[in-house]
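Just so it is clear: chains get the letters A, B, ... in the order the sequence lines come, proteins before strands, and each one is counted from 1.
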Amino acid sequence: MSAGRGRAAGVGPSGAAPAVFGPTLGRGFFDRHPAEVARDLLGRCLFSAVGPEPVVVRLTEVEAYAGEVDPASHAFRGPTVRNEVMFGEGGHLYRYFIYGMYWCANVVTGPAGTAGGVLLRAGEVVAGHELARLRRPSARKESDLAAGPAKLTAALGWNAVDSGPRSGEDLCSTTGPARLLAGTPVAPEQVVAGPRVGVAAAKEVPWRFWVDGDPTVSTYRRHVPKKTPGRGVD
DNA sequence: CCGCCGATCCTCT
DNA sequence: GAGGATCGGCGGG
C-alpha cells in the first residue's frame, strides 16, 4: 500500500487541485530557453491520472532541444504534422512514437512561435509503485521503473496502450491526465550536464542534465550509425 | 562494464 | 525507401 507521502502543504491554486501532491507549475515556468527550463525541471514531479491510481515520478534526467536552430531537434526542419505542438504555447505535452514500439514525452517550452522542448528522460517513482511495476514487468529494480524516456512514459501509462495523454495535452492543468507538479527543485551543485543520448547531430552540445549520483538516471549511450546494408548491387 | 543486434512501424524526403 | 531523442538480451573481457 503506502499511499504516497502525507504532507499536504497548503497549496490549492484557486479552487481545484488535489492538494496531496502539491500545485502544478504555472505557465510562465516554460517561457524560457529550453536548456534553462530543463535544469529547473530536475526534482519536479510528473503526475499521471491514467489508470486506477495515480503514478508520480520525480524527474532526475532531462534533455533540452532548441527547435529550429538545433540540428538534433525534431523541429529543426520546420513544422510538420508530428511536431506542430512544439511551435505552440509552452507547458504542453509533445509525445512521439519511435522505433515502431516506444513513446517518448517532451514538455514544450517558450512562447508560441518558437519551438523549444525538453525530453523527459528519467525519474524516480514516488507514488503508485504497484501500478508502475505492472506497466514495467521487465524492470528488476525499483530504480529501473522509469530509468529511460520510453520506460518513463510506460510507467506513467502515457502511451497508446493505456490511452495516455496525446500531444497537446496541457501539463499546467490541475485536472488533466498529465500534470507537472512543482515538487522541490534540485540544488544547482547537484546538477550535472553532458552531451545528449543517442543523437547523431550536435553530439557535443551539453544539454543533457541529470541529478548527480542518482540511481534512476539512465546509462549514457552514444549514437550508433545504422549498419551499412552491405552493398549488394552490381 | 561495454559493445553489438534485432524488433517494429511511423514520418519525412 | 531509409532511419530513428529506445530497450532488452546476449556474448566477451
Side-chain angles (χ1 to χ4, degrees), chain A residues 33-35 37-39 41-42 46 57 59-87 92-109 115-123 125 132-162 164 166-168 193-210 213 215-233:
Chain A
H33 187 279
V37 174
R39 277 181 172 278
L41 276 173
L42 295 175
L46 296 171
V57 171
L59 287 170
T60 57
E61 182 191 358
V62 294
E63 281 177 359
Y65 288 87
E68 301 121 299
V69 297
D70 179 3
S73 171
H74 285 177
F76 183 55
R77 299 184 185 265
T80 65
V81 177
R82 179 176 69 162
N83 71 19
E84 74 172 296
V85 331
M86 287 189 78
F87 290 81
H92 292 260
L93 179 71
Y94 164 50
R95 191 184 76 158
Y96 67 92
F97 187 57
I98 188 93
Y99 293 116
M101 57 193 113
Y102 299 117
W103 293 88
C104 294
N106 288 242
V107 175
V108 174
T109 68
V118 176
L119 172 65
L120 308 172
R121 282 201 59 91
V125 174
R133 274 194 291 269
L134 286 176
R135 289 168 169 163
R136 290 268 307 122
S138 63
R140 297 187 176 187
K141 304 177 296 183
E142 283 292 302
S143 60
D144 193 43
L145 286 173
K151 296 175 181 176
L152 179 144
T153 55
L156 292 167
W158 288 4
N159 50 39
V161 188
D162 296 296
R166 323 251 241 102
S167 270
R196 295 169 289 186
V197 176
V199 300
K203 53 183 65 176
E204 74 289 352
V205 178
W207 282 353
R208 173 190 185 216
F209 304 98
W210 67 95
T216 64
V217 172
S218 75
T219 54
Y220 179 80
R221 299 195 193 200
R222 73 172 207 292
H223 172 73
V224 183
K226 205 111 192 196
K227 176 174 68 172
T228 50
R231 60 203 72 177
V233 195

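When the nearest nucleotides of DNA chain C are assigned to A:Y65 and A:A139 by heavy-atom distance, the more 5′-ward of the two goes with A:Y65.
When rounded to the nearest whole Å, the span between CZ of A:R196 and C1' of C:dG4 equals 15 Å. Rounded to an integer number of Å, the gap from A:Y94 OH to C:dA5 C1' is 9 Å. Rounded to a whole Å, the CG atom of A:L119 is 13 Å from the C1' atom of C:dG4. Rounded to a whole Å, the CG atom of A:L145 is 19 Å from the P atom of C:dT6. Taking atom CG of residue A:D144 and atom P of nucleotide C:dG9, one finds them 10 Å apart after rounding to whole Å. Rounded to an integer number of Å, the gap from A:K203 NZ to C:dG4 C1' is 14 Å.
When the P atom is compared between B:dG6 and C:dG3, the two are found 15 Å apart, to the nearest whole Å. Using P as the reference atom, B:dC5 and C:dG4 are 16 Å apart when rounded to the nearest Å.
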How does each nucleotide of nucleotides 7-13 of chain B score, in 5' to 3' order, for protein heavy atoms under 4.0 Å: base (B), sugar-phosphate only (S), or none (-)?
BBBSSS-
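Backbone-only engagement by A:R121 is indicated by non-hydrogen atom pairs under 4.0 Å involving sugar-phosphate atoms exclusively. Within the 4.0 angstrom heavy-atom criterion, no nucleotide atom of any strand lies near A:A200. Backbone-only contact: A:R136 has heavy atoms under 4.0 Å from sugar-phosphate atoms and none from a base.
Not a single donor-acceptor pair under 3.5 Å links the side chain of A:N106 to the backbone N or O of A:L93. Judged by distance alone, with hydrogens and angles left aside, the side-chain atoms of A:R208 form no donor-acceptor pair with the main-chain N or O of A:V197 at under 3.5 Å. A side-chain donor-acceptor contact under 3.5 Å links A:N159 to the backbone of A:D162. A:R135 contributes a side-chain N or O that, together with a main-chain N or O of A:L156, makes up a donor-acceptor pair within less than 3.5 Å.
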Could you give me the CA-CA distance, side-chain angles and deciding distance for A:R133 and A:E142, then say whether salt bridge (charged side-chain N to carboxylate O under 4.0 Å, His left out) is met?
CA-CA 8 Å; A:R133 274 194 291 269; A:E142 283 292 302; 2.4 Å; yes
Evaluate the criterion side-chain hydrogen bond (donor to acceptor under 3.5 Å, both in side chains) for residue pair A:T216 and A:S143; output intermediate values, then yes/no.
CA-CA 5 Å; A:T216 64; A:S143 60; over 6 Å; no
A:R121 vs A:S218, test: side-chain hydrogen bond (donor to acceptor under 3.5 Å, both in side chains). Steps then yes/no.
CA-CA 8 Å; A:R121 282 201 59 91; A:S218 75; 3.2 Å; yes
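Stem analysis of DNA chain C (at least three stacked-register Watson-Crick or G-U pairs, each with both distances under 3.5 Å) gives B:1-7 with C:6-12, B:9-12 with C:1-4.
At a cut-off of 3.5 angstrom, the base of C:dA5 holds at least one donor-acceptor pair with the side chain of A:H74.
The aromatic ring centres of A:Y65 and A:H74 sit 6.0 Å or more apart.
Between A:L152 atom CG and A:L46 atom CG the span is 6.0 Å, to the nearest 0.5 Å.
Using a 4.0 Å cut-off, some side-chain N or O of A:K151 falls inside it from OP1 or OP2 of C:dG8.
Annotation: side chain of A:T109 is not in contact with side chain of A:H33 (no heavy-atom distance under 4.5 Å).
Distance from the side chain of A:R222 is smallest to B:dC4 among B:dC4, C:dG8, C:dA5.
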